[in-house]
Amino acid sequence: MTKYLIKKILGWLLMIFLATNLAYFLAASFLDPRSNYTERRPPLSDEEINNLLEPYNLSPDTPLLERWWTWLTNILTKWDWGQSPVGEMVNEEISYRIWVSAQLLLLATILSIVIGVAVGVYTASRQYKTGDRVWQGISIIAMNTHVVVASIAVVWAALEINDLTGKKIFYVVGSKSLGVEGFFPKLLDSAQHLVLPTISLVIISYASYHMTQRTLLLDNLDADYVRTARAKGLTRQQAIRKHALRTSIIPVATSVAFSVPGIFTGAVMTERIFGWNGMGQYFIQTISKNDINGAVAVAAFGAAMTAVSAVLADLVVVALDPRVRVS
């Protein structure tokens with residue numbers, strides 16, 4: 001197993017290296033950092049703009065291969081991912097925004113998985129009964145609800161609660177308040193900011209896990225090994241928990257593992273609505289500002305998260321299915 005993981009990790013490291021370098025050449029070819037200076041007043045000449053970009057290794061006067069080699073050397077020797085066209089350090093932006101996205105999205109993802117799988121097991125074990133039909137209706141509505149609509153509804157409810165209580169229980173914008181001191185006050189403040197976007201994300205996310213888990217579990221309920229377990233005296237609920245669930249949850253666990261890159265970069269609308277400056281917002285900003293170094297850093301981060309997901313998926317499958325043997 002260890003040998004297999006080492007080979008897998010080395011293969012993914014090569015993939016990350018190639019994907020990141022390809023992303024650099026694409027970004028350098030199609031993004032134009034000079035656009036950040038063309039609208040200045042008084043206007044700057046092309047030579048002045050190129051001189052401003054030169055310290056950031058973004059000047060088009062420098063050959064592309066030379067710029068690439070400088071960029072790559074800085075990463076390999078100093079772990080320096082460069083600067084934006086206006087001088088912002090990419091390392092600082094990424095390190096801050098990863099934490100913001102992790103706060104916002106990891107909790108929402110965990111809750112969505114737990115709720116979705118639990119509801120899927122509940123409805124599959126009560127197929128076509130009232131509970132099954134009610135939850136299917138709720139989940140179908142949730143799956144077809146846009147995140148903007150869910151966010152507006154959640155914000156409206158939170159503001160109503162704030163008005164009724166006369167206290168600011170929920171915060172709508174931002175990831176934290178300024179000037180809060182102390183561990184527990186900071187923890188409470190973070191929770192007050194985190195509740196609303198988390199609820200919005202759970203509303204639109206849990207339903208897919210519910211439907212997937214329900215379908216997979218129903219497929220396994222008629223399998224020979226489940227019927228054998230029932231014939232040996234297990235109740236339907238016991239057969240589901242001890243046998244059918246373990247097999248049916250493997251595809252769900254694998255899909256969750258491969259959703260890791262999207263967890264950090266996919267919540268663009270939620271971050272914008274609630275004012276969280278995470279990786280999703282940063283990705284949009286790098287494209288809109290023609291930030292070559294920032295865009296490549298986001299691409300590299302996505303490639304790294306994909307590699308982590310692939311390794312996690314393998315480990316999850318082995319952990320859940322003892323029949324799997326790695327040669």
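When hydrophobic clusters are built by joining Ile, Leu, Val, Met, Phe, Trp and Tyr residues whose side-chain heavy atoms come closer than 4.5 Å, directly or via intermediates, Val308 is grouped together with Ile98. Hydrophobic clustering, with ILVMFWY side chains joined whenever heavy atoms are under 4.5 angstrom apart, groups Ile203 together with Ile152. No chain of hydrophobic side-chain contacts below 4.5 Å, direct or via other Ile, Leu, Val, Met, Phe, Trp or Tyr residues, connects Leu14 to Leu22. Taking hydrophobic clusters as Ile, Leu, Val, Met, Phe, Trp and Tyr residues chained together by side-chain heavy-atom distances below 4.5 Å, Val117 does not share a cluster with Met211. Linking Ile, Leu, Val, Met, Phe, Trp and Tyr whenever their side-chain heavy atoms come within less than 4.5 Å leaves Met89 and Leu72 in two separate clusters.
A 4.5 Å side-chain heavy-atom check between Ser205 and Thr109 finds every atom pair outside the cut-off. Using a 4.5 Å heavy-atom cutoff, the side chains of Gln281 and Val268 are in contact. You'll find the side chain of Leu188 stays beyond 4.5 Å of the side chain of Phe184, heavy atoms only. Put simply, the side chain of Phe274 does not reach to within 4.5 Å of the side chain of Tyr171, judged on heavy atoms. Side-chain atoms of Leu64 and Tyr24, non-hydrogen and from C-beta on, do get closer than 4.5 Å to each other. Using a 4.5 Å cut-off on side-chain heavy atoms (C-beta onward), Trp276 and Leu105 make no contact. Residues Asn21 and Phe17 meet the side-chain proximity criterion, which asks for heavy atoms closer than 4.5 Å.
Counting non-hydrogen atoms of other residues, nucleotides and ligands closer than 6.0 Å to CZ of Phe30 gives a total of 12 or fewer.
Between the side chain of Tyr37 and the main chain of Pro85, a donor-acceptor pair closer than 3.5 Å is present. No donor-acceptor pair closer than 3.5 Å links the side chain of Asn74 to the backbone N or O of Asp80. In terms of modelled atom types and a separation under 3.5 Å, the side chain of Asp132 and the main chain of Ala124 share no donor-acceptor contact.
Shortest non-hydrogen contact noted between Gly275 and Val173 is CA-CG1, 4.2 Å. Residue Ile287 comes nearest to Leu31 through the heavy atom pair O-CD2, 4.5 Å, listed as atom of the first residue, atom of the second, then distance. Taking each heavy atom of Met279 and Glu271 in turn, the nearest pair found is N-OE2, 3.7 Å. What you find for Ser208 and Met143 is that their closest heavy atoms are N-CG, 4.3 Å.
Side chains of Asn220 and Ser248: no donor on one and acceptor on the other come within 3.5 Å. No hydrogens or angles considered: nothing links the side chains of Asp291 and Ser84 as a donor-acceptor pair under 3.5 Å. Checking Ser139 against Tyr206 by side-chain atom types alone, a donor-acceptor pair falls below 3.5 Å.
Note that the CD atom of Glu88 and the CD atom of Glu93 stand 5.0 Å from one another [nearest 0.5 Å]. In this structure, CD1 in Ile249 is found 11.5 Å from OG1 in Thr212, a value given to the nearest 0.5 Å. Distance check: Arg67 CZ to Asp61 CG gives 9.0 Å after rounding to the nearest 0.5 Å. Considering CG of Leu104 and NE2 of His193, their distance stands at 12.5 Å, rounded to 0.5 Å. Atom-to-atom distance recorded for Asn36:CG and Leu58:CG is 9.5 Å, nearest 0.5 angstrom. Here Ile292 contributes atom CD1 and Thr286 contributes atom OG1; the two are 11.0 Å apart, rounded to the nearest 0.5 Å.
Scored by the side chain to side chain donor-acceptor pair (under 3.5 Å) test, Gln83 finds no partners at all (sequence neighbours excluded). Listed by chain and residue number, nothing satisfies the side chain to side chain donor-acceptor pair (under 3.5 Å) test with Asp46 (two or more places apart in sequence, or in another chain). With sequence neighbours excluded, no residue satisfies side chain to side chain donor-acceptor pair (under 3.5 Å) with Asn57.
Within the structure, salt bridge (charged side-chain N to carboxylate O under 4.0 Å, His left out) pairs that include any residue of residues 8-36 comprise Lys8-Asp314, Asp32-Arg34 (at least two apart or interchain). Pairs engaging residues 151-160 under the side-chain hydrogen bond (donor to acceptor under 3.5 Å, both in side chains) rule: none recorded [sequence neighbours left out].
Using the six-membered ring where Trp is involved, Trp71 and Trp81 have ring planes that are perpendicular, over 60° apart on the 30 and 60° scheme.
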Leu18 and Met15: CA distance, side-chain angles, deciding distance, side-chain contact (heavy atoms from CB on, under 4.5 Å) verdict: CA-CA 5 Å; Leu18 294 176; Met15 183 279 295; over 6 Å; no
Tyr209 and Ser255: CA distance, side-chain angles, deciding distance, side chain to side chain donor-acceptor pair (under 3.5 Å) verdict: CA-CA 9 Å; Tyr209 296 114; Ser255 68; 5.8 Å; no
Cut-off 3.5 Å, no hydrogens considered: what does the side-chain donor-acceptor table look like for residues 295-302, sequence neighbours left out?
none

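Residue Thr123 forms a side-chain hydrogen bond (donor to acceptor under 3.5 Å, both in side chains) with just one option from Lys129, Gln213, His210, Arg133, and that option is His210.
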